[in-house]
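Computed from a prediction, not measured in an experiment: that's the story for all the values here. Just so it is clear: chains get the letters A, B, ... in the order the sequence lines come, proteins before strands, and each one is counted from 1.
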2 protein chains.
Amino acid sequence: MNRLIIGLKQAGLRLTPQRVAICKVLAESKDHPTAMMIYHQLLPQFPTLSLATVYKTLNVLKSMGLVHAIGDAGDGAEHFDADLTPHINLVCVRCHRVVDFDEQLVQEIQHIVEQRSGYEVQGARIVYYGLCPDCRPAQRNGKESA
Amino acid sequence: MNRLIIGLKQAGLRLTPQRVAICKVLAESKDHPTAMMIYHQLLPQFPTLSLATVYKTLNVLKSMGLVHAIGDAGDGAEHFDADLTPHINLVCVRCHRVVDFDEQLVQEIQHIVEQRSGYEVQGARIVYYGLCPDCRPAQRNGKESA
DNA sequence: ATGCATGCAAACTCTTTGCAAACGC
DNA sequence: GCGTTTGCAAAGAGTTTGCATGCAT
């Protein structure tokens, strides 16, 4: 029973098998999935699952602040992150993988931004993009595909 | 004659009036425009301008690294930034405005990321979202619209 | 003159919406 | 049982593409 499921329950929302499964995927996966990725991952388990249900659930979780939408990773689709602590997402522009990178300075910056800008900061999307260690040599050799 | 136009010229690409105008909008505007915003801004001047041309030009500039795509601002459309120096974009989730915020720490973080992750960092998208000073009181009073 | 860029329209992808049937509470 | 949630299909929005015409070089 993870944080997302508890959040839904406490809000009085219904814990359907689909929602529970989506929450588990989000909480357990480290690859910042898109709606489509979650859909395909759950399809064997829920053959009648609808992509619309995944989107609806993601929107519920997002609007409750239980997950973050971290933008696309060069693949045109929104990626979601269940890790709400301020951290950096490193996106590889070649293989579209997203990895986390924790750095204390990120927290400092958030405080500075809040104090100096007058903004009420609700969240952050800190994405560095480039070539991951695996794709750096591949790029140099001129290889294709992800 | 700005940096973007020079970049196109040096790459041997053609300096059409449309491209020049798009580059000027990008370099001079401070509001991180979307393709649609650029299109509407130039329509009086180029009545036959096509939105496809704006998109094609933006993709050329982006793939040449002359502008950054900074993701959507809650409005579902890609925003572009001609300021390539590492800086923070502050997005207001209520009025969808985007302002810049310079902070030295950002540069330090980029170096740390490169050294510790093995990534070849090509750029960054550092977006904090929340309520801007104008929208903070508006939100509290329950007012609507942007 | 050459061939890249434009503009139009259609296609494409991701996401949202409407509504009847199903199900959690 | 009530009202929310699901699943399907269709709609919607942003972006891309194909191709003939036009224009920068």
Measure from [atom1] on [X] to [atom2] on [N] and round the result to the nearest Å.
| X | N | atom1 | atom2 | value |
| --- | --- | --- | --- | --- |
| A:Phe80 | C:dC14 | CZ | C1' | 11 Å |
| A:Met37 | C:dT15 | CE | P | 12 Å |
| A:Arg19 | D:dG7 | CZ | P | 11 Å |
| A:Leu49 | D:dC8 | CG | C1' | 12 Å |
| A:Asp72 | C:dT15 | CG | C1' | 14 Å |
| A:Phe46 | D:dC8 | CZ | P | 14 Å |
| B:Met36 | D:dT16 | CE | P | 13 Å |
| A:Glu78 | C:dT13 | CD | C1' | 14 Å |

Select base, sugar-phosphate, or nothing to describe what B:Thr53 touches, counting heavy atoms under 4.0 Å on all strands.
base
Could you give the distance from CE (B:Met37) to CG (B:Asp75), rounded to the nearest 0.5 Å?
8.0 Å
CZ (A:Phe101) and CD1 (A:Ile126) are apart, to the nearest 0.5 Å, by 11.5 Å
Please determine whether a side-chain nitrogen or oxygen atom of B:Gln18 lies at a distance below 4.0 Å from atom OP1 or OP2 of C:dG7.
yes
Polar side-chain atom of B:Arg116 near backbone of B:His111 as donor-acceptor pair, under 3.5 Å:
no
Do B:Asp31 and B:Val98 have side chains that get closer than 4.5 Å, going by heavy atoms?
no
Would you mind building the protein contact string for nucleotides 17-25 of chain D? One character per nucleotide, 5' to 3', B for base within reach (heavy atoms under 4.0 Å), S for sugar-phosphate only, - for untouched.
BB-----BS
Residue pairs, two or more places apart or on separate chains, that pass side-chain hydrogen bond (donor to acceptor under 3.5 Å, both in side chains) and touch residues 32-46 of chain A
A:His32-A:Asp81, A:His32-A:Asn89, A:His32-A:Asp100
Taking distance alone, no hydrogens or angles, what donor-acceptor pairs closer than 3.5 Å link side-chain atoms of residues 10-22 of chain B to residues at least two apart or in another chain?
residue	atom	partner	partner atom	Å
B:Thr16	OG1	B:Arg19	N	3.1
B:Arg19	NH1	B:Arg14	O	3.1

